[in-house]
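Values below: all heavy atoms of this structure, side chains included; hydrogens, waters and symmetry mates excluded.
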Amino acid sequence: LPAAGAAHGLKVSSICVAICTHDRHADLARLVEHLAPQLRAAAARLVVVDNGRHPAADSLANLGKDIDCSYHRLAEPGLVAARNAALRHSLETSPEFIAFIDDDEVPDPGWLQAMAADLQSSGADICCGPLRPRFDAPAPRWAVDGGFFAKTGRHIGTGNIMFRSAILPQDEAAWFQPAFAHTG
């Protein structure tokens, strides 16, 4: 999950990374393992919202005590409820930037710094990175050839994205819409 125009050495202390998770504990643990060094380097905060059937707090065990992490259980099902809760918890410390990464993604080294660098250097409000699928088993040829699971970074989705928190509407009702809670 690299971002274009990676600038190494940039340190931004006002980043919150949000992860929504739902019963993908092994995926979350793998993500956290890859993300932890980047959180340390950027002095970034991590917010995890879990609305799965089984708590995922143990998946954060290897994160380390030197990382500011808040874990929240959410009874309400659906990704919309989780995303909105993640935004609320992310905003508690007034970060300049909020990044979302999905619990089944694995960022390239430097992902977080590159996303922040792109926003700072361009003055843009939103930066999206590409997604490159990695399958556990061989994917059907039509799926690979059609690029159905790959994203170029020229899309706006809720995984592999960073944005300035200032662009969020003040009214939470204008955030992620409940009508899409179970469809994306």
Side-chain angles (χ1 to χ4, degrees), residues 1-3 12-25 27-52 55-57 59-60 62-64 67-108 110-120 124-129 131 151 153 155-178 180-181 184:
L1 302 171
V12 178
S13 60
S14 188
I15 298 173
C16 185
V17 177
I19 302 169
C20 298
T21 191
H22 183 92
D23 292 332
R24 293 199 278 204
H25 301 174
D27 289 342
L28 179 61
R30 183 183 62 224
L31 167 58
V32 165
E33 176 185 336
H34 286 85
L35 190 57
Q38 298 183 50
L39 294 168
R40 282 185 196 93
R45 180 172 181 249
L46 178 63
V47 168
V48 177
V49 174
D50 174 10
N51 64 354
S59 300
L60 304 173
N62 293 329
L63 191 56
I67 293 176
D68 180 7
C69 176
S70 63
Y71 171 80
H72 307 274
R73 287 284 292 154
L74 183 66
E76 188 176 350
L79 187 53
V80 167
R83 292 270 189 231
N84 285 334
L87 287 174
R88 266 191 305 283
H89 291 296
S90 294
L91 290 171
E92 289 171 356
T93 57
S94 302
E96 181 179 1
F97 302 113
I98 298 173
F100 273 109
I101 186 166
D102 289 343
D103 63 357
D104 64 344
E105 295 177 337
V106 176
D108 284 345
W111 166 77
L112 189 58
Q113 295 262 347
M115 296 288 268
D118 281 354
L119 288 177
Q120 286 187 324
D125 290 328
I126 300 171
C127 176
C128 300
L131 300 174
K151 305 282 187 202
H155 70 290
I156 294 192
T158 54
N160 194 14
I161 187 170
M162 184 181 281
F163 55 90
R164 293 180 191 279
S165 61
I167 69 169
L168 284 172
Q170 293 294 315
D171 182 3
E172 288 185 24
W175 292 356
F176 293 97
Q177 298 299 301
F180 300 105

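- Taking every heavy atom of both residues into account, Ala86 and Cys20 meet most closely at CB-SG, 4.1 Å.
- Inter-residue side-chain proximity for Phe97 and Met115 is flagged as unmet; no heavy-atom pair is nearer than 4.5 Å.
- Gln38 and Trp111 get closest at one heavy-atom pair: OE1-N, 3.0 Å.
- Side chains of Ile101 and Val17 form a contact here, defined as non-hydrogen atoms less than 4.5 Å apart.
- Residues forming a side-chain hydrogen bond (donor to acceptor under 3.5 Å, both in side chains) with Arg164 (at least two apart in sequence, or on another chain): Glu96.
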- request: Would you please test Asn62 and Val32 for side chain to side chain contact (heavy atoms under 4.5 Å, CB included) and show each step?
  value: CA-CA 8 Å; Asn62 293 329; Val32 165; 5.7 Å; no
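- Here the CD1 atom belonging to Ile98 is positioned 6.5 Å from the SG atom belonging to Cys16, to the nearest 0.5 angstrom.
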query: Are Phe176 and Leu79 close enough, and set up right, to give a side chain to side chain contact (heavy atoms under 4.5 Å, CB included), and what steps lead you there?
result: CA-CA 9 Å; Phe176 293 97; Leu79 187 53; over 6 Å; no
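- Listed here is the closest heavy atom pair of Ser59 and His25: OG-O, 3.1 Å.
- Distance check, rounded to the nearest 0.5 Å: CG of Leu46 to CG of Leu31 gives 8.0 Å.
- A distance of 13.5 Å separates CH2 of Trp175 from CZ of Arg83, quoted to the nearest 0.5 Å.
- Separating the CG atom in Leu39 from the CD1 atom in Ile15 is a distance of 9.0 Å, to the nearest 0.5 Å.
- Of all non-hydrogen atoms in His34 and Pro107, the two that sit nearest each other are CB-CD, 4.0 Å.
- The shortest side-chain heavy-atom distance between Val106 and Arg30 falls under the 4.5 Å cut-off.
- Between Tyr71 and Pro55 the shortest side-chain heavy-atom distance falls below 4.5 Å.
- Under the 4.5 Å side-chain criterion, counting only non-hydrogen atoms from C-beta, Arg45 is not in contact with Cys69.
- Between Val48 and Thr21 the shortest side-chain heavy-atom distance falls below 4.5 Å.
- Residues satisfying the ring pair (Phe, Tyr, Trp, His ring centres under 6.0 Å) test with His72, not counting sequence neighbours, are His89.
- One N or O on the side chain of Ser165 and one on the backbone of Pro95 form a donor-acceptor pair closer than 3.5 Å.
- Of all heavy-atom pairs between Arg40 and Gly64, the closest is NH2-CA, 4.2 Å.
- When Asp50, Asp102, Asp103 are each tested for a salt bridge (charged side-chain N to carboxylate O under 4.0 Å, His left out) with Arg24, only one passes: Asp103.
- Note that CG of Leu87 and CZ of Phe100 are 4.0 Å apart. Values are rounded to the nearest 0.5 Å.
- Here Met162 contributes atom CE and Cys128 contributes atom SG; the two are 11.0 Å apart, rounded to the nearest 0.5 Å.
- The two residues Val80 and Gln177 have their closest heavy-atom pair at CG2-O, 3.2 Å.
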